[in-house]
Amino acid sequence: MGKLASDIFDILDLGGRIFKNREVLRYSYIPDTLPHREREIMNIASILITSLEGHTPSNIMIYGMTGTGKTVVSKLLMKALQEKSEMMDSKVQKSFFNVDSTFLGDDIAAAFSTLSIVLDFDEIYGNELARILHKPVKCIYINCQQMDTQYRVMTQIANRLAPLKEEDRLPVSGLPIDEVHCRVLEKFDSSNSLIIIFMDEIDRLIYKSGDDILYTLTRINEELQKSKVSIIGISNNLRFLDYLDSRVRSSLGAEELIFDPYNANQLRDILTHRAEEAFYSEAIDHDVISYCAAIAAQENGDARKALDLLRVSAELAERDHSPRLSVIYVKQAQKKIEMDRVTQVVRTLPLQTKIVLYSILQQKIGGRIKTTTKEVVETYSFYASKMDLTVLGRRQVVNLMNELDKLGLIQTKVISFGRHGRTTVVEANVPGTEIINNLHNGILSKLKGIKPRMLYTTTF
DNA sequence: CATCCACAGGAACTTGGGGGCA
DNA sequence: TGCCCCCAAGTTCCTGTGGATG
């Protein structure tokens, strides 16, 4: 036929008329300006700026629902602060060799003006002495969802503080916690710097391991000689501080800031701003952005969702070889995102949890839309033994069901039958046949075609 | 209105696997 | 090699409880 393999890419390439730069729409991307967060940025910056003068900034708590820009604002500030500090370091070193203060002054003024987001550095930085005394600022970002124990957080902070040689790194386990504490202190002090720790999803930390770690961190400055530590906590739970010891609470919540959800107009601005960089200007219908903004505004003003929606719609349009991105694709994207989320979550479930979900879904497609703990436990035991697994007890199955509930895959509700006791009514939230087929094609292939003997005792 | 069912869910304990250190 | 530590997952035990029912 005379066809070359590379022709395949010619066909695929036809789609590429929409995206100019798709990275811009990922939430890992940190733009230079963040519309409708100027005030918040200024607030935090005005607190953090004391670090450049060699003082320890107050701890800050940042609250806000998902997609309100907490993380991206923090990362932007982190980047800016780090750059600024490094810039000043080199200037300070220079100043020992160069006594010409007018030169120095101009140079620093120039350096400051490059930080576009924060106001008048020059004015705040009038004091030359402060510059000489200045300590390097080191920012560390920790996501407490991944690092959710005291041990892990401490070792992570220490390991990230400086690019260390392999043998200097703290081990991921094995040491007593007070030993870790001592070594972290040493590392902090030997870095001789102002350490600002951004702790994202900080509330996760205490749900799992209590407030020990926060207690330690908020009081660590008392033990440090040369270095100082500030903490920026980020949480989407406004009542997070209530769970803490009062001393930790007052220290950590020295400054508090709430990020309000974006409204539809603000979301539209954000999307417009990103879309200019992400798309070719003629490739997108005028109502697409408003539509995405409106949907995300309904979902608690979640900018993350809005960006996702825009990116996925554009990807669908490209895959369809459409020259333009129109609202039809946004509607498709909405469905796709939801289904992707579900399959992704299901795929990463531990095996035993998968079987619990599988049991609930089997009940569902067997016509049992609502079921009870007892029935789930029975069906689960049946399937687990077919899989030659250890069969978990009731207590543990209930725990797993609660996890599934938290993930939004099922809905549970405790109801009472009065004299006849009480139980949890379970209902699957996801399409049964599709997920079951997925599971059959994966790790649960053994269970294909096997039906349990189901005795329905409870009626609703 | 007290009773009582049948389970929810918290707490303490166990087990087994990760590892460090002398 | 033996002993220590941390941690996750699971078990056992037990107290708490919503509301139909006698």
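Scope of the values below: all heavy atoms of this structure, side chains included, with no hydrogens, waters or symmetry mates. Below, chains carry the letters A, B, ... as their sequence lines are ordered, and counting in each starts from 1.
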For I60(A), the option from I196(A), I234(A), L48(A), I231(A) that meets side-chain contact (heavy atoms from CB on, under 4.5 Å): L48(A)
Identified side-chain contact (heavy atoms from CB on, under 4.5 Å) partner of M199(A) from the options V153(A), N143(A), I140(A):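 Looking at V153(A), N143(A), I140(A), the match for M199(A) under the side-chain contact (heavy atoms from CB on, under 4.5 Å) is V153(A).
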E318(A) side chain reached by R22(A) side chain, heavy atoms, under 4.5 Å: yes
Side chain to side chain, L400(A) and Y380(A), heavy atoms closer than 4.5 Å: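 No, side chains not in contact.
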E23(A)/R26(A) under salt bridge (charged side-chain N to carboxylate O under 4.0 Å, His left out): CA gap, chis, key distance, verdict: CA-CA 5 Å; E23(A) 287 309 307; R26(A) 300 196 188 276; 3.4 Å; yes
Determine the minimum heavy-atom distance between [X] and [Y], stating which atoms define it.
{"X": "Y329(A)", "Y": "D320(A)", "answer": "OH-OD2, 2.7 Å"}
{"X": "R249(A)", "Y": "L244(A)", "answer": "NH2-O, 3.1 Å"}
{"X": "A314(A)", "Y": "F19(A)", "answer": "CB-CZ, 3.4 Å"}

Boundaries of the DNA chain C segment in contact with chain A, non-hydrogen, under 4.0 Å: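 Both ends considered, the range comes out as dC5(C) to dT21(C).
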Salt bridge (charged side-chain N to carboxylate O under 4.0 Å, His left out) against D405(A), all qualifying residues, sequence neighbours excluded: none
Touch class at under 4.0 angstrom, heavy-atom based, for I177(A) against every strand present: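 Here I177(A) touches the backbone only, sparing every base.
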Sugar-phosphate, base or nothing in reach of T373(A), heavy atoms under 4.0 Å: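 Sugar-phosphate contact only - T373(A) comes under 4.0 Å of backbone atoms but never of a base.
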Net bend of the helix from dC1(B)-dG22(C) to dA22(B)-dT1(C), end axes of five pairs each, nearest 10 degrees: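 Roughly 30° between the end axes, to the nearest 10°.
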Boundaries of the chain A footprint along DNA chain B (any atom under 4.0 Å from a heavy atom): dT3(B) to dC21(B)
Verdict with reasoning, L175(A) to T155(A), per side-chain contact (heavy atoms from CB on, under 4.5 Å): CA-CA 10 Å; L175(A) 293 177; T155(A) 51; over 6 Å; no
Backbone of N441(A) reached by a side-chain donor or acceptor of K448(A) within 3.5 Å: no
Residues from residues 394-408 of chain A lying under 4.0 Å of DNA chain C - heavy atoms: R395(A), Q396(A)
Between H273(A) and T33(A): side-chain donor-acceptor atoms closer than 3.5 Å: yes
Side chain to side chain donor-acceptor pair (under 3.5 Å) partners of Q334(A), counting only residues at least two apart: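 Here no residue qualifies.
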